[in-house]
Amino acid sequence: MSNKYREFTQLNLPSIEQEILAKWDAEQAFEKSIEVREGAVPFVFYEGPPSANGMPGIHHVISRTLKDLVCRYKTMKGFKVSRKGGWDTHGLPIELGVEKELGITKEDIGKKITVEEYNQKCREAVLRFKDKWDDITKKMGYWVDLNDPYITFKNEYIETLWWLLKQLYNKGLLYESVSIQPYSPAAGTGLSSHELNQPGTYKDVKDTSAVAMFKAVRNEKSEFLFKAISNTEQGIKNDELFFLAWTTTPWTLPSNLGLTAGGDIDYVLVKTFNPYSGKPCAVVLAKALLHKYFPAHIDEFEEGGDLYEAINNWLNHDSDEFLIEKSAGLKIQFDGIIKKKQLPHKIVATFKGKDIEECRYEQLLAYEANKETGGDSFRVLVDAFVTTEDGTGIVHTAPAFGADDFKVGKKYGIGILTMVDREGKFVDGLGEFSNRYVKNYKDEKDYVDVNVDICVKLKKENRAFKVEKYEHSYPHCWRTDKPILYYPLDAWFIKTTALKDKMVELNKTINWKPKSTGEGRFGNWLENMVDWNLSRSRFWGTGLPIWKTEDGEEEKCIGTIDELRTEAAKADKELGTHNSQLITHNLDLHKPYVDDIILVSATGKPMKRVPDLIDVWFDSGAMPYAQWGLDYDKVKNGDKYPFKLPAGVEKFEDLYPASFIAEGVDQTRGWFYTLHAISSLVYESVAYKTVVSNGLVLDKNGNKMSKRLGNVVDPFHTISTYGADATRWYLITNASPWDNMKFDIEGIKEVQRKFFGTLYNTYQFFALYANVDDFAFKEAAIPLNERPEIDRWILSSLHTLIKKVNESMDDYEPTQAGRLIEEFVDEHLSNWYVRLCRRRFWKGDYEQDKISAYQTLYECLETVVRLIAPVSPFFSDAVFNNLNAITQRFHAASVHHVDFPAADESLIDTDLEERMQLAQDTSSLVLSLRKKQNIKVRQPLQKILIPVLNTHMKEQLQLIEDLIKTEVNVKEVEYLTADNSFIKKKIKPIFQTLGKKLGAKMKAVAAALGNFTQEQIAELEKETVYNLLIDNEPVPLYLTDVEISSEDVPGWLVANKGSLTVALDVTITPQLVNEGNARELVNRIQKIRKDSGFELTDRIDVQLSGADTLAASISEYKSYICAEILADSLELVQETANGTEVEVNDLLINVQVSKKGG
RNA sequence: UGACCUGUAGCUCAAUGGUGAGAGCAGGAACCUUAUACGUUCAAGGUUAAGAGUUCAAAUCUCUUCAGGUCAACCA
């Protein structure tokens, strides 16, 4: 084995990664990383199964990076982290993909292609891109077990789903009901929301809309309305009072069972006339919509006229004599304004929606068929979904034909009427409308719109207030192009609402990152939970394990394949069915096979499986259990967790619930919900303790990535070009994982250059000199107190970093952790420690100071690579191995097998870190002052002046004085203490503490301080308290409440940062000029050395010409110059043979450098 | 339409309610380097999406509006 640290030729992340990947493969590094933690506390991780039906994208890389880094981190923290992969293989996208490929539609299934063939195609399609997924998984460095993944279409998986469903069934949590779903009568099928979201399904159509008049029944509830239309003592002469409700689907009116108002919406009762018959009436509608039906002003209707009198007679006095009818002239006038829909009106009452709750009305279109409603119908209901944007603010409610209607109808128990059959036509027993299609579903040439006829009938019967064509957007079946109906369809539900409180309570124990998703989006979702509709009418998926007799009287829920076998055999015996031919060893639980199995009921009747498949979300939500499959012995025992256990696991509690899961935020109501629901319902437990939901990956302009826009980022290309580590680092540190991120390749380049480049260079620097000196960490570690201050400082910073990184990682804040590491590597390690210590590595002998430098830098590098290992698994492992190969400090083949660094508090010295910060700030200020005066750093200056505010500050500065002096090239540092009247001081309140104390007086105090004189500041400093007078009240101001800083040192060049002030003496004496020249000359000659390609150790001879004015400098600093440039001689000559022309402080000279023996 | 998230410099992101809103990148100017694809310094860049409110004090809390996003829905 070589005893030299490996030096890279250049930083090439992709090639390093390939090398490491090969090494991992050869050494089984992933498996080993779990083995080394055998017997440790498990950290349970669930892999949300991707669908291998599509290509992996960059957004998959971010969530998998997140999962991977947490798992790697926890492994390094000493947990055993098993990671079983999985594939989601059912679902509509797969069916649609197959249909597209075969050029068929759903209708062709069972006709052009058998269900058997179709499902076979789906089975082949689902893992189509598995190779690509495996490839990206490997290349991005995602450690997950792909050898034994769970696959949702496998029998063992489906069987576990059945078992779970049966648990729910037995608890009475699985039931059959109706739900209102989009339905296409023309195609005879329900439509999924996905199908409804196809482009072009929503079309603008003109429909006949009607504002129908529902006649109120006079009773206790409605009495206040009836009283309001008649305030005469004679009582009411006209009791026609109506609720107005609007519909764009008049065909739903025969199925009307309720009217829904908004509880807090203002309604008015208006006296007016029927716009079609002119008959006086009173109507109720939302106040906000009054002027949609009634003009604010009517021209023809002027005060004093006969018509005015006549109308007022009714509107205001409730006279039973309707004068208009008695005068032909008035009648013509009146009909005129009515025809123009200029309805005279008067508001006689204003009230809230909740005031008319439970008022009753007469059925609008009563026929034989809708006599029995199955509930307490024809009431006014109240619900929040009502708005005053359209219509009348009262919603006609037909529970069969709207999801909201159904919901509110169920709440009030108004029953349900479905007066339209599945073909889209009215049922028998609806008089003239019987058997007519509600839309033109059969393409009848002379189709007469039944909606128009309904409206005509309403007009004739004085039950229409407004009938007009209304243009709106309405969904159409994407296959038949016909309008869909919302229609009640049978479906199976999981009664999640029964366990709602439990689910809400359990959710509060889950650690959500970010918190708001759990409380907000997820919390609200739980609060407004509805029962989970499991049914899907599709082909490729998990079948519902319920068999029913034809009459629907008896049903059976099957929980295992064994049970199915037993029941099937029983049926064969009792009914003579041929199930045994179907249930063979290669039984397939998919359609059509499972549908062919006939079971027998308790009373001996044949039972067929209900044709529904279940929602694929149940598949993935059940993965904590189904990924292991059922253990029959445990099922027989009635174990709580009858699942198989992988080798080395003794109890299911070591696999459940998950310690951590992570997916995109779009899974909140998807996977996160179904995991939570199933776990809560079956086990009353959470399914996961911590969940991180990451945001989307957008393109660099903030647009969603889509194939159509061509802005998708190919992760394969990104990784092969820039490396997985740079990509991962960028994805994690650019923004918090839960924020949407704008993905820009430039960002990866920057990470590569800035972070990895810097770390790489630091390593290279170390390797370069360590190889020269054969440093292999063989010496005992030098005790901290024997190391120089700068070493103690970087180690202190390092351990502060370790502490913070641990905290951030434990809090699932990898972004914070990554940024902290970046800052350390860049600001502290590379640009301060290494820069200031450079000479220690190449100057002098191999003894304590040098060894200390090597040890310190080594420790930093070794620690940093362990810190970055979770995020950047490849580069860290490469550097770790390069280091460890020489020193053998760890007996581990990979950084992923060692422990994560733990902070040693005893190494942390906050004072030291503070004063180094002070040194950096001071240097920065001096450099900035030099810049202002255009004095280069190589020109030595005499001194700087630092006003110190207290003794602590002075002590701190004194300890780093030498450092500052070398860094900024000045000869001395002078301190000005507080009692110095020479400095001009500034006073500023500390708002944070003082504000809390003073409250409202804060402003006045701040103003007073702004006007403080130097004398006042001095007094405060001396007495430590100053009594201010604010609004004639004494306000004591303490020294601790303010920040006093020096603002200016009169006569000096001054710069400030915070409370630090530095003054620089910019006088350059001839003495200083000489020294400056000498240093400048050294610099030029070093450059010549480098350009000439000399070795670091080559000795040289130097001759200078044209440098007479530098003679003084050279003679004074000759030994210094020679030492720096490794020259054995340095002479001034008249002319050089073939020298190089250089410029030393505006002076052109000629330099001849010759290598000794060269 | 609803729920939730986001909106800060040209770009990517910071800023326990505490008062001159900070970095990095890009672009401009200069400098430094026997590790450098580094760095240092300077200048420039902001109505913190808009408006109102609460508060002694708001980028931060509340409300409204606008824009982008996610999920759910689209109904009279």
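Excluded from the calculations below are hydrogen atoms, water molecules and symmetry mates; all remaining heavy atoms, backbone and side chain alike, are included. The sequence lines fix the lettering, A, B, ..., with proteins before strands; numbering per chain opens at 1.
The phosphate of B/rC31 has neither OP1 nor OP2 within less than 4.0 Å of any side-chain N or O from A/Lys936. An OP1 or OP2 oxygen of B/rA35 is reached within less than 4.0 angstrom by no side-chain nitrogen or oxygen of A/Tyr763. An OP1 or OP2 oxygen of B/rU36 is reached within less than 4.0 angstrom by no side-chain nitrogen or oxygen of A/Ser830. The phosphate of B/rG39 (OP1 or OP2) has a side-chain N or O of A/Lys754 nearer than 4.0 angstrom. Distances shorter than 4.0 Å separate none of the side-chain N or O atoms of A/Arg835 from OP1 or OP2 on B/rU33. For the OP1/OP2 pair of B/rU6 and a distance below 4.0 Å, the side-chain nitrogens and oxygens of A/Asn740 include no atom meeting the criterion. Here A/Ser928 does not reach the OP1 or OP2 of B/rU41: none of its side-chain N or O atoms lies under 4.0 Å away.
At the heavy-atom level, A/Tyr760 lies nowhere under 4.0 Å from the strands shown. Among the heavy atoms of the strands lying under 4.0 Å from A/Thr248 are primed sugar atoms or P, OP1, OP2 only; no base atom is included. Nucleic acid contact class of A/Tyr486 (heavy atoms, under 4.0 Å, all strands): sugar-phosphate only. Looking at heavy-atom distances under 4.0 Å, A/Asn1083 makes contact with sugar-phosphate atoms alone, never a base. Contact annotation for A/Val834: base contact, defined as any heavy-atom pair under 4.0 Å involving a base atom. Within 4.0 Å (heavy atoms only), A/Gly757 reaches no atom of the nucleic acid at all. In this structure, A/Lys1003 reaches the sugar-phosphate backbone alone: every heavy-atom distance under 4.0 Å involves primed, P, OP1 or OP2 atoms, never a base. Within 4.0 Å (heavy atoms only), A/Pro514 reaches no atom of the nucleic acid at all. Contact annotation for A/Leu768: no contact, since no heavy-atom pair falls under 4.0 Å across all strands. When heavy atoms are screened at a 4.0 angstrom cut-off, A/Gln764 is found touching no nucleic acid atom at all. Within 4.0 Å (heavy atoms only), A/Trp738 reaches no atom of the nucleic acid at all. Contact annotation for A/Arg1089: no contact, since no heavy-atom pair falls under 4.0 Å across all strands. Residue contacts for A/Ser923: at a heavy-atom cut-off of 4.0 Å it reaches no nucleic acid atom on any strand shown. Contact annotation for A/Arg669: base contact, defined as any heavy-atom pair under 4.0 Å involving a base atom.
Using modelled atom types and a 3.5 Å distance limit, the side chains of A/Tyr361 and A/Asn256 yield a donor-acceptor pair. When only modelled atom types and interatomic distance are considered, A/Glu663 and A/Asn694 share no side-chain donor-acceptor pair under 3.5 Å. The closest side-chain donor-acceptor pair between A/Asn734 and A/Trp729, if any, does not fall under 3.5 angstrom.
Taking atom C1' on both B/rA59 and B/rG51, the two are 16 Å apart, rounded to the nearest angstrom. Going from the P atom of B/rC42 to that of B/rU47 covers 24 Å, rounded to whole Å. B/rA44 and B/rA52 are spaced 30 Å apart, taking the P atom of each and rounding to whole Å. On the P atoms, B/rA9 is 14 Å away from B/rA21, given to the nearest whole Å. Taking the C1' atoms as reference points, B/rC66 lies 7 Å from B/rA49, given to the whole Å. Atom P of B/rA14 sits at a distance of 31 Å from the matching atom of B/rU55, rounded to the whole Å. Between B/rG22 and B/rU48, the distance separating the two P atoms is 13 Å to the nearest Å. A distance of about 26 Å separates the P atoms of B/rU12 and B/rC4, rounded to the whole Å.
In this structure, A/Arg930 contributes its side chain and A/Lys936 its backbone to a donor-acceptor pair below 3.5 Å. At least one donor-acceptor pair closer than 3.5 Å links the side chain of A/Tyr267 to the backbone N or O of A/Gly262. Remark: side-chain polar atoms of A/Tyr5 are not paired, donor with acceptor, to backbone N or O of A/Tyr769 under 3.5 angstrom. Looking only at distances, no side-chain donor or acceptor of A/Asp207 sits under 3.5 Å from a matching main-chain atom of A/Ser209. Distance alone, capped at 3.5 Å, places no donor-acceptor pair between the A/Arg521 side chain and the A/Ser516 backbone.
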Review point. In dot-bracket notation, what is the pairing pattern of RNA chain B, taking Watson-Crick (N1-N3 plus N6-O4 or O6-N4) and G-U wobble (N1-O2 and O6-N3) contacts under 3.5 Å, with [ ] crossing and | for other strands?
Key: (((((((..((((....[...))))..((((.......))))......(((((..]....))))))))))))....
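To the nearest angstrom, C1' of B/rA37 lies 8 Å from CG of A/Asn761. For A/Leu526 and B/rC71, the CG to C1' distance is 14 Å, given to the nearest whole Å. Atom CH2 of A/Trp512 is separated from atom P of B/rC71 by 15 Å (rounded to the nearest Å). Note: CD (A/Gln920) to P (B/rU41) measures 10 Å, nearest angstrom. A/Tyr730 has its OH atom 15 Å from the P atom of B/rC25, to the nearest Å. B/rC32 atom C1' lies 14 Å from atom CH2 of A/Trp832, rounded to whole Å. Between A/Phe841 atom CZ and B/rU33 atom C1' the separation is 17 Å, expressed in whole Å. For the pair A/Phe522 CZ and B/rG2 P, the interatomic distance rounds to 23 Å; values are reported in whole Å.
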Practice item. Please report the C-alpha distance between A/Trp617 and A/Tyr673 in whole Å, then the side-chain angles of each, then the deciding distance to 0.1 Å, and finally whether the ring pair (Phe, Tyr, Trp, His ring centres under 6.0 Å) criterion is met. Key: CA-CA 9 Å; A/Trp617 284 114; A/Tyr673 175 68; 9.9 Å; no
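For A/Thr758, taking side-chain heavy atoms from C-beta onward, the closest of the listed nucleotides B/rU34, B/rU70, B/rC38 is B/rC38.
Put simply, the side chain of A/Arg521 and the base of B/rU70 share a donor and an acceptor less than 3.5 Å apart.
A heavy-atom distance below 4.5 Å is not found between the side chains of A/Asn761 and A/Ser830.
Applying the side chain to side chain donor-acceptor pair (under 3.5 Å) criterion to A/Thr397, with sequence neighbours excluded, gives A/Thr260.
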